Amino acid sequence: MNITVIGTGHVGLVTCATLAEIGHRVVGMDCDEDKISLLERGEAPFYEPGLTDLLRKHTGSGSLRFMVREADALSEATVVFVSVGTPPLANGEANLLAVEKAARSVASYGRDGVVVVEKSTVPAGTADRVALTLARERPALRFDVVSNPEFLREGSAVSDSLHPDRILIGSASKRAADVMRRVYRPLLRNGCRFIETDIATAELAKHACNAFLSLKISFANALANICERAGADVVSVADIMGADPRIGRAFLDAGLGFGGYCFPKDLAAFERVAARLGYDFSLLNEVARINEQAVESVVGKVRDALWNLEGKRVALLGLAFKPGTDDTRLSPALDLARRLLDEGALVVGYDPQAGASARAELPQLELAGDPYEAAWGAHCLVLCTEWEEFRALDLRALREVMLYPVIVDGRNVFDPETMRELGFTYYPTGRPAIIPRNRKRLGPGGGPNENGSLSPARRFSRVGVARA
Ligand code: UDX
């Protein structure tokens, strides 16, 4: 099929590459000319495992092309995916200007019978708006609008797209749902569920999934606080909970909390959708508040270990919001870096992929070329992102180069017994701290300062978004 994808951000570009991989003729359209020329050469503008290979393969064969001109990109397409940014407004609501603009482009240049697919995460009711725009702009055009939310994770986006556990289609038209089944037919083997529903249900389900996963993480982080106070181990508690198939172990890892461009944004947007519909979903505000506290709790541990932070050197291992990506948008590691810098600490970071984007976002951050360089002369080291390479660190060598042997483990990567044997002062998350006998814990107990409730919207606006 001839498919055009409007918007070549993380989701849009992976959608382009994987639709080409399953046999379609795909055009990626974007208004950013520099990006389009990069893509035409088969290069990806961000790090995503497996993406460059697919881009090279399909731009090389001609089954994947990139264009700026709307008329060229849209006139042949049977299906148009709208995969544009929906950045948050100051109040947390999604800004849908780009979605409206995409609808106008389809109205101007789309062919008769086109199926317009809402791929961006949008509030319930957006498809109706898109349909109304198309109908007003070009009354003679026959079209259908469907909702097809993505569930791909950064760092495994290509594999998630080629091996999905479910494909969700919200549609009011049997014809459009059949077209979407044809689009995805090559993926409908291997137990992948094809779920057809109405449009509002599909739109809402995406927000519900991300909000619920955020809720699980914040539940684990709240537990971590209690475990620290009770002398219990949050990892074991999560394992025990996860052994119950009704709960499941996934997304119960306590730590620095969630970041990235989806969870914080979608949580805030979903709370706003509920408020607009007259429902007070304040549970979501609490999820965001606990997430905010997770970073503050780590700052508390650094303070407990170092007393005053002014002039102290703190090394951060991992700057991306999670392993496997170079994305630092709303990364808890950068939130932590900002708070440490605010208190006068010198912060040096290392990340296998995200150094450049971290530096662009936070120029005061010093960058190191490897973990040992980051740790050199540091009063304290904080493990922020659980990259695989950090599990294999030579901890003896790390201890040698540090000024004080203090580690705060924001992702529970290290084994507490090993840390004790090596003589580290070790603050894990939600597990008993290891503090040498001659030094009792002095600070505020690792617990965060009570700083009142912070809504998802406020959390979002505080941190700011550096990469659109
Ligand atoms: C998420 C959703 O998983 C995906 O389905 C959606 O389409 C886009 O948003 P992504 O943002 O790539 O994907 O990251 P994800 O792997 O879900 O992790 C989100 C954040 O939660 C990361 O910061 C991660 O470190 C954190 N996390 C995850 C935890 O703190 N604890 C956990 O147990 C799991």
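Remember, it's a predicted structure, so these values are computed and weren't measured experimentally. Each residue takes its place number in the sequence, starting with 1. Just follow the structure's listing: the first ligand is 1, and inside any ligand the first atom is 1.
- Neither the backbone nor the side chain of Leu256 comes within 4.0 Å of ligand 1, counting heavy atoms alone.
- Counting heavy atoms closer than 4.0 Å to ligand 1, residue Leu152 contributes backbone atoms (N, CA, C, O) but none from C-beta onward.
- Under 3.5 Å, the side chains of Thr201 and Asp198 contain a donor-acceptor pair of N or O atoms.
- Tyr427 and Asp409 share no side-chain donor-acceptor pair at under 3.5 Å.
- Heavy-atom distances between Gly255 and ligand 1 stay at or above 4.0 Å for every pair.
- Here the two rings, on His10 and Phe46, have centers that are under 6.0 Å apart.
- A donor and an acceptor atom, one from each side chain of Glu361 and Thr328, are located under 3.5 Å apart.
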Applying salt bridge (charged side-chain N to carboxylate O under 4.0 Å, His left out), run through Arg329 and Glu154 and close with a yes or a no. CA-CA 12 Å; Arg329 289 176 296 178; Glu154 289 187 26; 3.6 Å; yes
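- At a heavy-atom distance under 4.0 Å, no atom of Tyr261 approaches ligand 1.
- For the atom pair Cys16 SG and Met29 CE, the distance stands at 11.0 Å (nearest 0.5 Å).
- Residue Gly259 has at least one nitrogen or oxygen atom sitting less than 3.5 Å from a nitrogen or oxygen atom of ligand 1, judged on distance alone.
- Counting only distance, with no hydrogens or angles, the side chain of Ser173 and the backbone of Ala176 share a donor-acceptor pair below 3.5 Å.
- Taking distance alone, with nitrogen or oxygen atoms compared against 3.5 Å, Phe151 approaches ligand 1 more closely than that limit.
- With Phe263 as the aromatic partner, Lys265 does not meet the cation-pi criteria of under 6.0 angstrom to the ring centre and within 45 degrees of the ring axis.
- Between Lys206 and ligand 1, an N or O atom pair is found at a separation short of 3.5 Å.
- Scanning all protein heavy atoms for the shortest distance to atom 18 (O) of ligand 1 gives Lys322 CD, 3.9 Å.
- Phe258 CB, 3.6 Å is the protein heavy atom nearest to atom 20 (C) of ligand 1.
- Considering backbone and side-chain N/O atoms, Pro332 never comes within less than 3.5 Å of an N/O atom of ligand 1.
- Checked by distance only, ligand 1 and Arg153 stay at 3.5 Å or farther apart across all their nitrogen or oxygen atoms.
- Residues passing the side-chain contact (heavy atoms from CB on, under 4.5 Å) test with Glu386 are Pro323, Arg391, Arg411, Val413, sequence neighbours excluded.
- Under a 4.0 Å heavy-atom criterion, Arg411 is in contact with ligand 1.
- Annotation: atom 12 (O) of ligand 1 to nearest protein heavy atom, Glu154 N, 2.6 Å.
- Atom 33 (O) of ligand 1 has as its closest protein heavy atom Asp253 N, 2.9 Å.
- Of the protein's heavy atoms, Ile217 CD1, 3.4 Å lies nearest to atom 27 (N) of ligand 1.
- If you run side chain to side chain contact (heavy atoms under 4.5 Å, CB included) between Phe258 and each of Val287, Leu330, Leu213, only Val287 comes through.
- Between Phe321 and ligand 1, an N or O atom pair is found at a separation short of 3.5 Å.
- Ring geometry, Tyr184 versus Phe81: the interplanar angle exceeds 60°, so the pair is classed perpendicular (tilted spans 30 to 60°).
- At a 4.0 Å cut-off, at least one heavy atom of Cys262 sits close enough to ligand 1 to count as contact.
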